[in-house]
Enquirer: 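Here it is, the structure, as C-alpha cells.
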Amino acid sequence: MPLNIDKDLYRFRHIVKGRIRKDLKRFMSSKDMIGKEGDQLVRIPLPQIQIPRLRYGENPSGVGQGEGEGEGEGKPGQGPGEAGDKPGEHSLEVEVSFEELAQIMGEELELPNIQPKGQKEISSEKDKYTGISRVGPESLRHTRRTFRQALKRQISSGTYKGSSPIIVPIKEDKRYRSWKPTTQPMSNAVILYMMDVSGSMGKEQKEIVRSQAFWLDLWLKHQYKNVETRFIIHDAAAKEVDRHTFFHTRESGGTLISSAYTLCLKIMGQDYPAQDWNIYPFHFSDGDNWSGSDTSLCLEMLESKMLPRVNQFSYAQVESQYGSGQFINDLVGKFDADERVVVSQVPDREGIMNSIKELLGKGR
Amino acid sequence: MADSFFFRARRGLSPELEEARVHIQDIAKGHGLDFFETIFEVCDFDEINMLASYGGFPTRYPHWRWGMEYLQMQKGYEYGLHKIYEMVINTDPSYAYLLDNNMMVDQKLVMAHVFGHVDFFKNNLWFAPTNRKMLDQMANHAARVQKHINAQGHDVVEAWIDICLSIDNLIDPHAVHYPKEPVQGQVSPVDPRLPASDYMDPYINPPAVIAAEREKAAQAAQAVQTFPAKPERDVLGFLLQYAQMSAWQRDILEMVRDEALYFVPQGQTKIMNEGWASFWHTTMMTQDILTAAEVIDYADHHSGTVATQPGQLNPYKLGLELFRHIEERWNKGQHGRDWFRTQDPRERAAWDTQAMGGRAKIFEVRKTHNDITFIDEFLDESFVAEHGLFVWERDKKTGKFNVSTREFKAVKQQLLFQLSNRGQPRLSVVNANHANRGELVLSHPYEGLDIQLDWAELTLGNLSRVWGRPVHLETHIEGKPTLLSHDGSAFTKSQREAV
C-alpha cells in the first residue's frame, strides 16, 4: 500500500546521492568504505546529513542510576533533558546499492558505457510470458482477461444486467498466459587482477590496489550481467589465489612480470575463449621489473598473445619508495598509440579517482 | 490527506480489542483519570514505522528527514534494537496506535498506558495552551508546503526548510504562556503628571519631583539605543517580525516555529508524562486487568519498559518511582512543618499519620508541575539513596565514564541542569543593529558547557541566510569569552571582551 513516507524516502535518497556525488573523491580515497561492503550494498558514513543546531557538545557529566561498579564502568545516562530529540549522537550510515553507486561514479567521472563485444554470439534462452492463448493449464489462467471475455460475451448475448452485475465465465471465455522462448544477448566479462607482491610493494600500496579493485569491480559489474574475477599474484613466480589472499599476501622475492602474464594467458586460454568473453586484465605493480630482458619478453607477450584477445589491457603503477617505476615507461614507449593498452599512475590515495577515470575512460 | 489515511487505517478494533478498550476505559475513569476521547488505530509494522517517523501524525509536510528517520527505525526493528510500544498524540480527540500483531496482554498494557498519557495531556497545565487540533494543523502545513513547492520548486523549498529546522530550537518555550508584548525599540516617554485641579496641582505634582521624573525618562530614552530593548528569547519570532524574506519563506518559518512550540511541553514533561502513564498502567494492570495467564508476559514486558541499564537513567522508571514516592509520603503524612523539623532518620522512617492523602496529591502534582519543578520539589535525599542515583563524569584522559559522586545535592543539581531549557543552550537576541550595520547579535549566558563548534558554524551560516546580514554569537569556549561570527560566506571565531 502506498504510504506517504515513500515520497520522503525518495527525497532522502535523492539527498544522499547528491552528498555522495559531492564527496565522491573522499569516498574513493577512503579505506573505511571498502571494509563495509556487503553483498549488494555499500554502507557509507554520512555524518553531515543531519540538521545542525546550536547545542552543547558532548556532555562531560550527567546523572545515572544503578550500582556504578567501583572504579566506574558506568556509561552515560541518557540525559532526560534531551530525550526525544538528540541530533547527531549516533553517526549515520546510509546504504547505497552497487547499482546506484556505480551510476553516480559513472556520471561523476564521465565514464563512457562499454559496448560489449560478442553480443550476437553469446545468447541464452529464456521463457517469457508474453502472449495469451485459449488453452493452457489452470495455474496459468489469466483471471482478468477471462472475466473480461465473459463480460464481453454476456453483454453481446444480452445476459448481463447492470442491476445485478454477475459475471460467470464459461469454458470458452477462459484465457491463459502463454510463453515464448526468447534468446537474450548475454554479456560475460572476466576481470583478471594481477598484482606484484614483491618486497617493494608495501601495505599502503596494497590498500590502494584494494580500493581500486573495488571501484573497477563496481563499474564492470554495472556494465556486464555476468562478471567473473580471478586473482593472480606474482613476484619472481606467479600463482592464482583467492580474493582474500590476493589482498593480504606479502612475499619478499624479486619480480618477474612475465610470470604473471604467462599465467594470465593460461587462464584465459583454459576458461575464457575470446569470442565468448569480454576480458579485462588489470595489472598492478610498482613498476620494478628484475631485468630488461624480462620486460621485452612481457612486451612481446602482450603484443602477440594478450592484446588480440582482450578488450583492454590495463596497467596501474602504484608508486612506492622502493620501486624504480620503469615498467610504465617501457609500456608507453611500445604501445603509446595502441587503444587497447591503458596505463595509469597512482601516486597516493588521493590519486585513486583519477586513475579509475584513466583506466575506464575509453569505454572499451 | 489525514482523513484518507485514517479512512484507510481505520479497520476498527476487533471485538476482542474493543471489549478490552471499553473495559480499560471504565477502569481508568473509575480511578479518576480524566481524558479526551481516545481513538485507537490498529496499524501494521510499516504504518507504525511511518507514523513514528512523522512524530505520530499521519500527514506532515514533505521533507527528506522523515524518510531518514523511517529508514533508521526500520533498521532498529531489523536488528531488534527497539520496539515502539506505544504512540499517542496530544490532540482532542487523541489518537493512539496499536501494532496489529502484538499480544493481547501488550495491547492492554498499551491502552492503559495511553489513557495515562491522555489524562496528562488534558490536565497538565503546561499542555494547556497547545493546539488540540494539531492533526488538522499539521495537515494544513503539509498542504501549504506543497503549494510552495509547486510554485518555487522542490529543492529551493526543501533547502529553506532545512535552514528553518536548523534554528527551530531558538524559541521561547514559555512564549505560549503569556501574551506577546511587542518588541520595544523605543521607550515612549510617559508624562509623569497626574490629573489634578489647579489649586491641588502643586501638591499632587510637585514641580521638583516632576522635573526629576522627566529627567529620568529622558535618560532612559537616551539609554535605549539597542534594539531590541530587552533580550529576546523568541529568536524565531523576532526573525519573523524583522527579517527580510519573501512571503513563502516567512510562511514556512512561521510553520516551523508553530510546530516547535507545539512539541515544547512534551520535552518539558518527559519524566512526569512517562512516569504518570507508567504509574497507571502498572496500577490498573496489576489491580484490575490482568488475568492469571497474562501475568508472566506482563511482568516481562513491563520490566522491559522500566528497565534501567546499569548506569543509565530511564525517564519512565524515574518518573514512575517518583510518583510512587510522593504517593507513599502523602499517604503517611510525611510532609508539612512537623515532618521537615524532624531530623532523626529513625523517627522519619517510622512516620505514619495514616493521612492517606497520596492519591489526591499525585493528581495535584500531575496538574501543576513540569519536570524541573517535579524534580526540584520531590527528589529528596532518601529517594536518591534508595534508587542509587549518581553523577557520572567523563575522564578526559581515559575517555572512561566514572561515577563522580552520589551526593544528594550534586545529583539533584546535575539533573536540574540537564532539564533546564530542555538541555539546550539558552540564547537570546540582544542586538539587531550591531555596529550600526544591521548585524544580529545573539547572547549565550555561559553555564559551564561549550557550544559544539562545527555545528555552530553551520547553524550561524543558516541564521545569517535568514537575517540577510552577518550574525554573531557571544559565548564562551573553553572558559574564554568568545565571539562566533558568520557573514554568510565565512565563519570566524574571535576573543571578545568579557562583559
Side-chain angles (χ1 to χ4, degrees), chain A residues 1-19 43 46-95, chain B residues 1 5 8 46-47 50 53 58-59 62-68 70-71 158 162 165-167 169-170 266-267 270-271 308-313 315 318 371 387-394 400-404 411 414-415 418-420 422-425 427 449-452 455-456 458-459:
Chain A
M1 94 181 43
L3 296 171
N4 305 343
I5 201 81
D6 288 347
K7 278 186 237 154
D8 298 315
L9 263 174
Y10 170 79
R11 289 303 295 179
F12 177 60
R13 290 245 161 244
H14 176 75
I15 284 181
V16 165
K17 279 192 214 165
R19 207 57 68 100
R43 282 161 195 253
L46 276 182
Q48 302 96 330
I49 209 158
Q50 273 141 353
I51 291 172
R53 288 192 172 84
L54 287 171
R55 58 154 198 178
Y56 293 127
E58 191 186 333
N59 275 5
S61 58
V63 176
Q65 180 175 12
E67 298 298 312
E69 297 126 31
E71 287 291 298
E73 285 284 328
K75 286 199 45 201
Q78 187 187 21
E82 14 165 57
D85 186 25
K86 307 176 289 172
E89 290 296 320
H90 36 256
S91 88
L92 179 68
E93 275 189 352
V94 289
E95 287 176 350
Chain B
M1 292 288 275
F5 175 79
R8 190 160 45 71
D46 267 347
E47 287 168 329
M50 180 191 86
S53 37
T59 310
H63 194 261
W64 57 267
R65 152 173 128 267
W66 319 125
M68 176 175 84
Y70 179 73
L71 273 187
E158 202 165 54
D162 287 359
L165 288 175
S166 151
I167 53 176
N169 59 341
L170 306 182
Q266 326 237 351
K270 179 90 181 157
I271 295 174
T308 322
Q309 301 296 325
Q312 294 203 354
L313 200 65
L318 181 63
D371 279 351
H387 292 92
L389 299 185
F390 57 82
V391 179
W392 56 261
E393 219 173 33
R394 195 191 168 101
K400 274 192 178 169
F401 298 98
N402 296 324
V403 175
S404 73
V411 169
Q414 179 69 38
L415 200 51
Q418 277 173 236
L419 293 171
S420 300
R422 298 162 295 142
Q424 296 174 2
L427 305 169
L449 283 183
D450 287 0
I451 284 188
Q452 189 183 325
W455 277 32
L458 296 167
T459 313

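Residue numbers begin at 1 in each chain, while the letters A, B, ... track the order of the sequences.
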Enquirer: Working to the nearest 0.5 Å, report the span between OG1 of B/Thr459 and CD1 of A/Ile51.
Expert: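 Those atoms lie 10.5 Å apart.
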
Enquirer: With chain A as the partner, which of B/Gly67, B/Ser420, B/Ala456 has the greatest number of non-hydrogen pairs under 4.5 Å?
Expert: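 Heavy-atom pair counts peak at B/Gly67.
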
Enquirer: Please find the pair of heavy atoms, one from B/Glu158 and one from A/Arg11, that lie closest to each other, and give the distance.
Expert: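 Smallest heavy-atom distance, with atoms named: OE1-NH2, 2.9 Å.
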
Enquirer: Select one option (side chain, backbone, both, neither) describing which atoms of A/Ile15 are under 4.5 Å from chain B's heavy atoms.
Expert: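 For A/Ile15, side-chain heavy atoms alone lie under 4.5 Å from chain B.
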
Enquirer: What is the distance from atom CD of B/Gln414 to atom CG of B/Leu419, rounded to the nearest 0.5 Å?
Expert: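 Rounded to the nearest 0.5 Å, the CD-CG separation comes out at 10.0 Å.
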
Enquirer: Is it the side chain or the backbone of B/Gln266 that comes within 4.5 Å of chain A heavy atoms, both, or neither?
Expert: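 Neither the backbone nor the side chain of B/Gln266 comes within 4.5 Å of chain A.
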
Enquirer: Just give me the residue among B/Asp162, B/Ile167, B/Leu71 that pairs up with chain A most often, heavy atom to heavy atom, under 4.5 Å.
Expert: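 Looking at each of B/Asp162, B/Ile167, B/Leu71 in turn, B/Leu71 comes out on top.
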
Enquirer: For B/Ser404, enumerate each residue passing the side chain to side chain contact (heavy atoms under 4.5 Å, CB included) test, keeping only those at least two apart in sequence or located in another chain.
Expert: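 In terms of side chain to side chain contact (heavy atoms under 4.5 Å, CB included), with neighbours along the sequence ignored, B/Ser404 is linked to B/Val391, B/Glu393.
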
